[in-house]
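Input: a single structure, listed below in structure tokens.
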Amino acid sequence: MITKSRISRARNFLSTTQPRATWYTSWGKRLFDICFSLLVLVLCAPIYLLIALAIALTSPGPIFFIQVRVGKNNRLFRCIKFRTMVVGADRILNEMLENSEASRREFEQTYKLKDDPRITPIGKFLRTTSLDEFPQFWNVLMGHMSVVGPRPLVPAELVRYGSSIHKVLTIRPGITGLWQVSGRNDIPYPVRVQIDTNYVRRFSFWLDMNVVWKTIAVVLFPRNNGAY
């Protein structure tokens, strides 16, 4: 449910301040990305194996879901996630959108469905805890993404950003970001665009550390975090 408190909290992040060129904006952010992603990939390897086993045992199909996203400088890359939906999810979605006006309106507004029948039982848990996105640390290591940044967009979403898309695509998209710690899918789409645009304008080491800390809290205490 979209609440005024969630929207207000998200808007508190908005600013038009232009960041000054610092060690972090020039090379420190990439150094942090490499070190942090390596640490997570090594320390969380046993968790990765358990998740992969749970997916394999509870739902037929591949372990990973790979989707084309748009990265820095409009470059396409293959974004990796743990699979959280049944095989044939695109076909099921198309049928839902054809047969349900309410589902079609919801998807057009958010590119998400809150009560999505395509999501597997283990997938629901992975989405709520954001563990489905952990394979993206490989994308970070390869230079496709950053630990913190704007949302990694699918090509169809670019038009919804209008002229702001040119600003958003000047840096790498993030595994987490201001949108993810501000209510995620409960945030109206126009506010998401503002959040992403203004993150690019004001990101800094301390802002990124704040987002990382809040993301850890969301993973450990996933109640009412807007993830679905």
Side-chain angles (χ1 to χ4, degrees), residues 24-52 54-56 61-85 89-90 111-112 119 122-123 125-158 161 165 167-181 184-185 192 195-197 199-200 203 205 207-209 211-216 218-219 222 225 227-228:
Y24 189 70
T25 59
S26 58
W27 55 268
K29 187 174 178 66
R30 181 58 186 153
L31 178 62
F32 170 76
D33 286 342
I34 293 172
C35 294
F36 192 85
S37 58
L38 277 173
L39 183 66
V40 172
L41 288 170
V42 172
L43 294 182
C44 294
I47 299 176
Y48 282 25
L49 292 175
L50 289 175
I51 293 174
I55 294 172
I63 301 298
F64 299 104
F65 172 71
I66 300 176
Q67 186 179 43
V68 173
R69 299 291 180 104
V70 185
K72 182 179 179 181
N73 297 328
N74 210 37
R75 293 178 179 174
L76 301 180
F77 69 95
R78 292 161 62 85
C79 184
I80 309 171
K81 289 186 176 185
F82 283 120
R83 182 174 59 85
T84 60
M85 291 187 176
D90 289 341
Y111 281 84
K112 299 278 186 178
I119 300 177
I122 186 65
F125 169 76
L126 293 176
R127 286 185 171 218
T128 302
T129 57
S130 298
L131 290 173
D132 63 313
E133 298 180 354
F134 268 41
Q136 291 175 18
F137 282 106
W138 177 254
N139 286 121
V140 174
L141 196 60
M142 296 301 294
H144 305 141
M145 297 178 65
S146 186
V147 174
V148 182
R151 295 172 53 243
L153 303 173
V154 297
E157 288 183 273
L158 299 186
Y161 274 65
I165 194 61
K167 174 65 71 174
V168 171
L169 295 182
T170 59
I171 66 174
R172 296 179 179 89
I175 295 178
T176 187
L178 292 180
W179 171 70
Q180 288 90 331
V181 299
R184 295 188 67 160
N185 299 305
R192 297 187 203 178
I195 290 174
D196 281 347
T197 303
Y199 169 80
V200 176
F203 78 89
F205 174 77
L207 176 59
D208 281 7
M209 294 308 101
V211 171
V212 168
W213 177 252
K214 289 185 176 183
T215 301
I216 293 173
V218 166
V219 173
N225 63 7
Y228 49 83

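Keep in mind that what you see is a predicted model, and the values were worked out from it rather than measured.
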Test item: [X] and [Y] side chains (from C-beta on) under 4.5 Å apart, heavy atoms:
X	Y	answer
F125	T128	no
F137	L38	no
F203	I171	yes
I55	L126	yes
L153	I165	yes
Y48	L41	yes
V148	L207	no
D208	V147	no

Indicate yes or no for a side-chain donor-acceptor contact from K214 to the backbone of M209 under 3.5 Å, with no hydrogens or angles considered. no

Given the rule in the side-chain contact (heavy atoms from CB on, under 4.5 Å) test, do H144 and Q136 qualify, once you have shown the distances and angles that lead to the verdict? CA-CA 9 Å; H144 305 141; Q136 291 175 18; over 6 Å; no

How far does [atom1] of [X] sit from [atom2] of [Y], to the nearest 0.5 angstrom?
X	Y	atom1	atom2	result
S37	N139	OG	CG	10.0 Å
T84	E133	OG1	CD	9.5 Å
W27	T25	CH2	OG1	10.5 Å
L39	I34	CG	CD1	13.5 Å
L31	F36	CG	CZ	13.5 Å
I195	Q180	CD1	CD	9.5 Å

Would W138 and L141 count as a side-chain contact (heavy atoms from CB on, under 4.5 Å) if you check the C-alpha gap in whole Å, the side-chain angles of each, and the deciding distance to 0.1 Å? CA-CA 5 Å; W138 177 254; L141 196 60; 4.0 Å; yes

Quick one: side-chain contact (heavy atoms from CB on, under 4.5 Å) partners of L50, sequence neighbours excluded? none

Can you name the side-chain contact (heavy atoms from CB on, under 4.5 Å) partners of T197, sequence neighbours left out? S164, K167, V168, V193, R201

Determine whether the aromatic ring centres of F82 and F64 lie less than 6.0 Å apart. yes

Kindly give the heavy-atom pair with the smallest separation between M85 and R127, and that separation in Å. CE-NH2, 3.1 Å

Just wondering, are more than 12 heavy atoms of other shown residues or ligands nearer than 6.0 Å to OH in Y24? yes

Checking F134 against I47 for the side-chain contact (heavy atoms from CB on, under 4.5 Å) test, could you report, in this order, the C-alpha distance in whole Å, the side-chain angles of both residues, the deciding distance, and whether it holds? CA-CA 10 Å; F134 268 41; I47 299 176; 5.8 Å; no

Identify all side-chain donor-acceptor contacts of residues 68-81 below 3.5 Å with residues at least two apart in sequence or on another chain.
from: R69; atom 1: NE; to: Q67; atom 2: OE1; distance (Å): 2.9
from: R69; atom 1: NH1; to: P152; atom 2: O; distance (Å): 2.5
from: R69; atom 1: NH2; to: Q67; atom 2: OE1; distance (Å): 2.8

Any carboxylate oxygen within less than 4.0 angstrom of a Lys/Arg side-chain nitrogen, looking at E157 and R151? yes

Checking side-chain polar atoms at under 3.5 Å, does S146 have a donor or acceptor matched by the opposite partner on D33? yes

